[in-house]
Amino acid sequence: MTLRERLRALPAFARPGLPVFDPGAAPGTPHELFEAWLNEAIDAGLLAPHAATLSTADAAGRVHARTLVLKDVTAQGWWFASQSSGPKGQDLAANPHAALTFFWPELGRQVKVTGSAASAGAEVSRADFLARPDASRAAGLVNRQSEPLGSRDEYVAAFTEALRAVTADPGLAAPDWTAYVLTPVSVEFWQAPDDGPHTRLLYRADAGGWSAGLLWP
């Protein structure tokens, strides 16, 4: 069997009993619906339901994508964090337009958040960094993300020294650590059924707040 044939034979979703989504009963803002869906994913025991693909583009339009974790959702937007000096931060400094994509296959759901990302400020960024576990703070303090690495031993030595530093000083924070908030201009909710066509509901930001409407599958 060829790879193409194997891929065609894979099921789209692992099991029947997907949630039924009634877009007519959706709340007035995408933040409310997203929080409801995320809580359902957490309650269902999904692995890393807060994981999302962040898509950015640099000044030349070259697109980059990577997986990170969501920190919060508020009326202001979707929150995540990273080094401002790393690839994500460099992209956002040159081009703030970005998208977050969440995929919960066990529930047949996908959410795409599109908008612009900006720093939430030094105080919020520092608080986010200090709330991380010591090992995560140490990794952030090393702060040479995506640079060429000569050997694994070189990183282990740098990490060990950084871990010693953050353990000795609980208030030590990486200066480039940045909390970002992605303020959306559109949020799309995608729901697959057990059979039949899927449902797409798109929220768009407008002068009056939010408008919502269906999209053709």
Side-chain angles (χ1 to χ4, degrees), residues 1-57 63-82 88 92 97-117 128 136 179-206 208-217:
M1 181 182 290
T2 66
L3 178 59
R4 179 182 292 272
E5 290 169 335
R6 294 195 71 188
L7 294 175
R8 279 187 179 277
L10 291 174
F13 301 103
R15 56 188 173 86
L18 296 176
V20 175
F21 175 40
D22 177 8
T29 73
H31 316 87
E32 295 172 275
L33 181 55
F34 180 86
E35 186 173 349
W37 277 24
L38 179 58
N39 278 321
E40 289 179 27
I42 295 171
D43 292 342
L46 273 60
L47 181 64
H50 58 331
T53 298
L54 173 69
S55 301
T56 58
V63 178
H64 308 109
R66 75 291 283 166
T67 301
L68 46 65
V69 295
L70 180 72
K71 293 302 186 81
D72 198 3
V73 179
T74 66
Q76 189 177 351
W78 276 247
W79 297 71
F80 63 93
S82 185
K88 293 186 286 296
L92 292 173
H97 300 294
L100 281 168
T101 304
F102 298 82
F103 183 45
W104 302 307
E106 296 89 343
L107 298 176
R109 286 175 170 172
Q110 178 175 258
V111 180
K112 182 176 65 176
V113 185
T114 305
S116 295
D128 180 87
S136 297
Y180 291 95
V181 57
L182 175 60
T183 302
V185 295
S186 67
V187 185
E188 180 186 333
F189 293 82
W190 185 97
Q191 174 71 68
D194 284 332
D195 54 49
H198 56 256
T199 301
R200 296 172 64 191
L201 178 67
L202 179 67
Y203 287 83
R204 291 186 177 91
D206 54 34
W210 291 97
S211 60
L214 295 173
L215 298 176
W216 281 82

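Residue indices begin at 1 and follow the sequence shown. No hydrogens, no waters, no symmetry mates; every other heavy atom, side chains included, goes into these values.
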> Grab the two heavy atoms, one from Leu46 and one from Trp104, that are nearest each other, plus how far apart they are.
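The pair with the smallest heavy-atom distance is CD2-CB, 3.6 Å.
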> State whether the side chain of Arg204 and the backbone N or O of Ala212 hold a donor-acceptor pair below 3.5 Å, judged by distance alone.
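Looks like no, no N/O pair under 3.5 Å.
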> Check whether more than 12 heavy atoms from other residues, nucleotides or ligands sit under 6.0 Å from atom CG of Asp22, and answer yes or no.
yes
> Please test Val111 against Val187 for side-chain contact (heavy atoms from CB on, under 4.5 Å), starting from the C-alpha separation and ending with a verdict.
CA-CA 7 Å; Val111 180; Val187 185; 3.8 Å; yes
> Can you confirm whether Leu100 sits close enough to Lys112 that some side-chain heavy atom of one is under 4.5 Å from a side-chain heavy atom of the other?
no
> Where do Val113 and Pro184 come nearest, in terms of heavy atoms and distance?
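Smallest heavy-atom distance, with atoms named: CG1-CB, 3.7 Å.
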> First locate atom CZ of Arg109, then atom OG1 of Thr199, and finally report the distance between them rounded to the nearest 0.5 Å.
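Going from CZ on Arg109 over to OG1 on Thr199, the span is 10.5 Å.
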> Report yes if the side chains of Leu202 and Ser186 come closer than 4.5 Å at any heavy-atom pair, otherwise no.
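Yes, side chains in contact.
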> Rounded to the nearest 0.5 Å, what's the gap from NZ on Lys88 to OG1 on Thr56? Could you check?
8.5 Å
> Which heavy atom of Ala98 sits nearest a heavy atom of Leu182, and at what distance?
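That would be O-CD1, 3.9 Å.
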> Would you say the side chain of Val73 lies within less than 4.5 Å of the side chain of Trp79, judging by non-hydrogen atoms?
no
> Between Pro27 and Tyr203, is any pair of side-chain heavy atoms under 4.5 Å apart?
yes
> Going by the angle between their ring planes, with limits at 30° and 60°, are Trp190 and Phe13 parallel, tilted or perpendicular?
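Trp190 and Phe13: tilted rings.
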> Measure the shortest side-chain to side-chain distance between Gln191 and Pro19 over non-hydrogen atoms and say whether it is less than 4.5 angstrom.
yes
> To the closest 0.5 Å, what do you measure between CZ (Phe34) and CZ (Phe189)?
7.5 Å
> Is it true that a side-chain atom of Asp194 and a backbone atom of Leu18 form a donor plus acceptor pair closer than 3.5 Å?
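A pair under 3.5 Å: yes.
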> Using modelled atom types only, decide if a donor and an acceptor are shared between the side chain of Glu106 and the backbone of Ala44 within a distance under 3.5 Å.
no
> Show your working on side-chain contact (heavy atoms from CB on, under 4.5 Å) between Thr183 and Ser116 and close with a plain yes or no.
CA-CA 5 Å; Thr183 302; Ser116 295; 5.7 Å; no
> Please give me the minimum heavy-atom distance between Ala41 and Leu107, naming the atom from each residue.
CA-CD1, 3.8 Å
> Please say whether more than 12 non-hydrogen atoms of neighbouring residues, nucleotides or ligands are located less than 6.0 Å from CG in Leu47.
no
> Looking only at non-hydrogen atoms, find the nearest pair between His198 and Ala192 and report the distance.
CB-CA, 3.8 Å
> So do the side chains of Glu32 and Thr29 get within less than 4.5 Å of each other, counting heavy atoms only?
yes
> In Å and rounded to the nearest 0.5 Å, what is the CG to CG distance from Leu201 to Leu214?
6.0 Å
> For the residue pair Gln110 and Thr101, establish whether any side-chain heavy-atom pair is separated by less than 4.5 Å.
yes
> Where is the tightest heavy-atom contact between Lys71 and Ala81, given as atom of each residue plus distance?
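Heavy-atom minimum between the residues: NZ-CB, 3.9 Å.
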> For the atom pair OG1 (Thr67) and CZ (Phe102), what is the distance rounded to the nearest 0.5 Å?
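Nearest 0.5 Å value for the OG1-CZ distance: 11.0 Å.
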> Please check: side-chain N/O of Trp78 versus main-chain N/O of Leu70, any donor-acceptor pairing under 3.5 Å?
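No, the answer is negative, given that no donor and acceptor are paired below the 3.5 Å cut-off.
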> With sequence neighbours excluded, what pairs up with Tyr180 under the ring-ring contact (aromatic ring centres under 6.0 Å, His included) test?
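In terms of ring-ring contact (aromatic ring centres under 6.0 Å, His included), with neighbours along the sequence ignored, Tyr180 is linked to Phe80.
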> Quick one: does any side-chain atom of Glu5 pair with a main-chain N or O of Thr2 as donor and acceptor, under 3.5 Å?
yes
> Could you state the interatomic distance from CD (Gln76) to NE2 (His31), rounded to the nearest 0.5 Å?
9.0 Å
> Is the side chain of Asp128 donor-acceptor paired with the backbone N or O of Ala179 at a distance under 3.5 Å, no angle test?
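Side chain of Asp128 to backbone of Ala179, a donor-acceptor pair under 3.5 Å: no, none is there.
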